[in-house]
Protein chains: 2
Amino acid sequence: MTLAPERSPRVREAVATARELLERDGPDGLTMRRLAGAMGIRAPSLYKHVESKEELEALLIADAFREIGELFHGAVAKSEGPKQEHGALGALARAYRGWALAHPHLYRLLTEGHLPRERLPEGLEAWAGEPVGIAVGGDPDLARAAWAFAHGMTILELDGRFPPGADLDAAWAAAIERFGSPAARQSSVGASPGRSS
Amino acid sequence: MTLAPERSPRVREAVATARELLERDGPDGLTMRRLAGAMGIRAPSLYKHVESKEELEALLIADAFREIGELFHGAVAKSEGPKQEHGALGALARAYRGWALAHPHLYRLLTEGHLPRERLPEGLEAWAGEPVGIAVGGDPDLARAAWAFAHGMTILELDGRFPPGADLDAAWAAAIERFGSPAARQSSVGASPGRSS
DNA sequence: CGCCTAAGCTAACGCCGTTAGCCGAGGAAG
DNA sequence: CTTCCTCGGCTAACGGCGTTAGCTTAGGCG
């Protein structure tokens with residue numbers, strides 16, 4: 001049950017449609033009835049393809065983990081040369097925040113509440129998170145701290161918890177500077193893929 | 001609407017009961033019907049006292065903000081002497097994590113999703129957050145980074161997102177060390193008010 | 001004494017995820 | 001060619017949710 005049991009075409013369609021609904025209308029827009037409607041079907045028929053809403057969400061989550069996993073691995077890989085601001089950690093932070101702001105509802109689905117690990121391909125979560133450990137230099141405690149910071153920063157921004165004028169780029173930069181290995185240390189993080197509310 | 005319009009006894013009872021339900025049974029246990037039941041009443045009657053579930057939650061949130069505000073102000077005040085580990089920031093971190101682990105469902109209600117600011121007493125949120133700015137030495141960017149870290153760390157722990165053996169005390173210590181002003185710097189954070197899953 | 005209001009009630013609405021059970025189309029097997 | 005079985009639709013319904021409409025009753029007050 002942990003080895004991605006190949007999806008039927010109809011399941012793939014359901015997952016694709018569900019993702020559209022979630023990204024466009026938020027969690028309240030992703031309803032079994034609405035999803036069925038978007039597929040030209042009645043809600044109970046969905047259960048011929050998917051055992052529950054939770055399984056459907058797990059499929060969305062698995063796809064998203066693969067997506068960000070590739071994104072993050074690519075980000076640390078491309079930041080090999082010390083030309084990038086704040087090196088691998090900065091690149092990773094920009095990728096992280098950028099993806100979250102581009103897919104806020106999906107990000108929340110991925111990160112909030114209980115993760116249905118038993119429904120996820122084994123090792124996927126760990127693989128997607130690897131780049132943090134790399135970027136931080138190998139210390140697992142520091143990696144977890146950096147991860148927690150990135151998530152906290154991101155979810156607070158998405159939820160509009162920071163005051164209107166807050167300079168979030170500066171907050172990111174302040175933390176990255178402190179979490180990074182004592183290597184290249186200058187300027188600000190630069191990327192500002194979105195504004196806080 | 002922003003100046004806490006004095007609660008009737010029945011409203012106070014509703015809020016108290018709601019808090020018990022939430023803390024004991026989690027968010028699914030806090031239902032208008034269940035709350036009414038616990039008060040010996042039917043659900044629609046609740047609306048004679050409270051205009052919506054959202055208002056009820058706002059009352060819970062306001063109380064909790066007052067509670068943690070006092071807790072946090074007290075924590076930084078009592079850590080004046082540099083005897084405490086990591087000074088004010090360490091004391092604040094221990095208070096923060098301790099309260100969250102003691103009241104996980106309430107913590108989630110406070111921090112997750114959209115905050116109904118228009119229903120909250122003005123300035124309450126800012127006052128409760130003040131101590132972070134103080135503990136960090138005044139830099140607002142650094143304060144926001146520290147806040148984001150603490151929230152990220154806490155919510156990830158509550159949601160069981162860290163691997164089973166992870167040393168969360170060490171992760172807290174690693175971050176506190178880096179966020180703190182370059183003053184007293186030694187040992188570990190010490191407090192371990194709970195284990196991660 | 002009469003009236004008004006506060007605070008309870010039942011019934012119901014529209015939504016949710018989900019189950020039970022029916023039915024038609026289409027392919028496989030004899 | 002016919003029979004049968006499986007797949008994927010369907011309707012009806014259940015129990016739960018927040019919430020509204022509208023009725024009733026008890027108490028206090030003029």
Side-chain angles (χ1 to χ4, degrees), chain A residues 1 5-62 105-106 108-109 112-116 118-119, chain B residues 1 5-62 105-106 108-109 112-116 118-119:
Chain A
M1 78 187 63
E6 66 242 22
R7 307 174 184 177
S8 78
R10 208 83 172 112
V11 168
R12 282 199 301 271
E13 183 191 347
V15 172
T17 310
R19 173 147 174 179
E20 278 174 30
L21 283 178
L22 177 64
E23 298 220 41
R24 170 153 42 84
D25 305 332
D28 293 353
L30 179 49
T31 287
M32 295 305 266
R33 283 173 231 260
R34 274 217 244 265
L35 172 58
M39 295 172 65
I41 257 177
R42 304 310 182 89
S45 302
L46 278 176
Y47 292 82
K48 292 290 159 79
H49 306 284
V50 147
E51 85 176 17
S52 65
K53 192 186 186 188
E54 193 191 323
E55 189 200 327
L56 189 90
E57 291 176 339
L59 296 175
L60 284 171
I61 291 175
H105 300 302
L106 202 49
R108 284 201 186 85
L109 181 65
E112 273 186 350
H114 150 79
L115 229 203
E118 63 287 354
R119 294 186 187 274
Chain B
M1 77 190 63
E6 66 243 22
R7 308 175 184 176
S8 79
R10 209 83 172 113
V11 167
R12 282 198 302 271
E13 184 192 347
V15 172
T17 311
R19 173 147 175 179
E20 277 174 31
L21 283 178
L22 177 63
E23 299 220 41
R24 169 152 41 84
D25 305 332
D28 293 353
L30 179 49
T31 285
M32 296 305 267
R33 283 173 231 259
R34 275 216 243 264
L35 172 57
M39 296 172 64
I41 258 178
R42 303 310 182 93
S45 302
L46 278 176
Y47 292 83
K48 292 290 158 81
H49 306 283
V50 147
E51 83 176 19
S52 63
K53 192 185 186 187
E54 193 190 323
E55 187 199 330
L56 189 90
E57 291 176 340
L59 295 175
L60 285 172
I61 291 174
H105 300 302
L106 202 49
R108 284 200 186 86
L109 181 66
E112 274 187 351
H114 150 79
L115 229 203
E118 63 287 353
R119 295 186 186 275

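Computed from heavy atoms alone, side chains included, the values below leave out hydrogens, waters and symmetry copies. Given the structure is predicted, the values throughout are model-derived calculations rather than measurements. Letters A, B, ... mirror the listed sequences (proteins, then strands); counts begin at 1.
The closest side-chain heavy-atom distance from A/V15 to A/E20 is not below 4.5 Å. Counting heavy atoms from C-beta outward, A/P116 and A/I61 have side chains that approach closer than 4.5 Å.
A donor-acceptor pair is defined here as one N or O able to donate and one able to accept, closer than 3.5 Å; no such pair exists between the side chain of A/E23 and the backbone of A/R19. Within the 3.5 Å criterion, the main-chain N or O of B/I41 finds no donor-acceptor partner in the side chain of B/S45. A donor-acceptor pair is defined here as one N or O able to donate and one able to accept, closer than 3.5 Å; such a pair exists between the side chain of A/S52 and the backbone of A/E55.
A salt bridge is absent between A/E6 and A/R12: the closest approach of a Lys/Arg side-chain nitrogen to an acidic carboxylate oxygen does not fall below 4.0 angstrom. The existence of a salt bridge linking A/R108 and B/E112 is excluded, since no basic side-chain nitrogen approaches an acidic carboxylate oxygen closer than 4.0 Å.
Proximity of residues 41-49 of chain B to DNA chain C (heavy atom under 4.0 angstrom from any strand atom) is restricted to B/I41, B/R42, B/P44, B/S45, B/K48, B/H49.
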Measure all distances between protein nitrogen or oxygen atoms and nitrogen or oxygen atoms of nucleotides 3-6 of chain C, and list the pairs falling under 3.5 Å.
none

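Remark: C1' of C/dG17 and CZ of A/R34 are 14 Å apart, rounded to the nearest angstrom. One can place CG of A/D28 at 13 Å from P of C/dC15, the figure rounded to the nearest angstrom. Atom CD of A/E54 and atom C1' of C/dT18 are 14 Å apart (whole Å). When the C1' atom of C/dG17 is taken as reference, atom CG of A/L30 falls 12 Å away, rounded to whole Å. Rounded to a whole Å, the CZ atom of B/R10 is 9 Å from the P atom of C/dA7.
Across every non-hydrogen atom of B/R42 and B/A36, the tightest pair is C-CB, 3.5 Å.
The footprint of chain A on DNA chain D, defined by a heavy-atom cutoff below 4.0 Å, extends from D/dG8 to D/dA12.
Atom-to-atom distance recorded for A/L59:CG and A/E57:CD is 10.0 Å, nearest 0.5 angstrom.
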Check against side chain to side chain contact (heavy atoms under 4.5 Å, CB included), A/L35 and A/L56: CA-CA 11 Å; A/L35 172 58; A/L56 189 90; 3.6 Å; yes
Derivation of the salt bridge (charged side-chain N to carboxylate O under 4.0 Å, His left out) call for B/E51 and B/R119: CA-CA 12 Å; B/E51 83 176 19; B/R119 295 186 186 275; 3.0 Å; yes
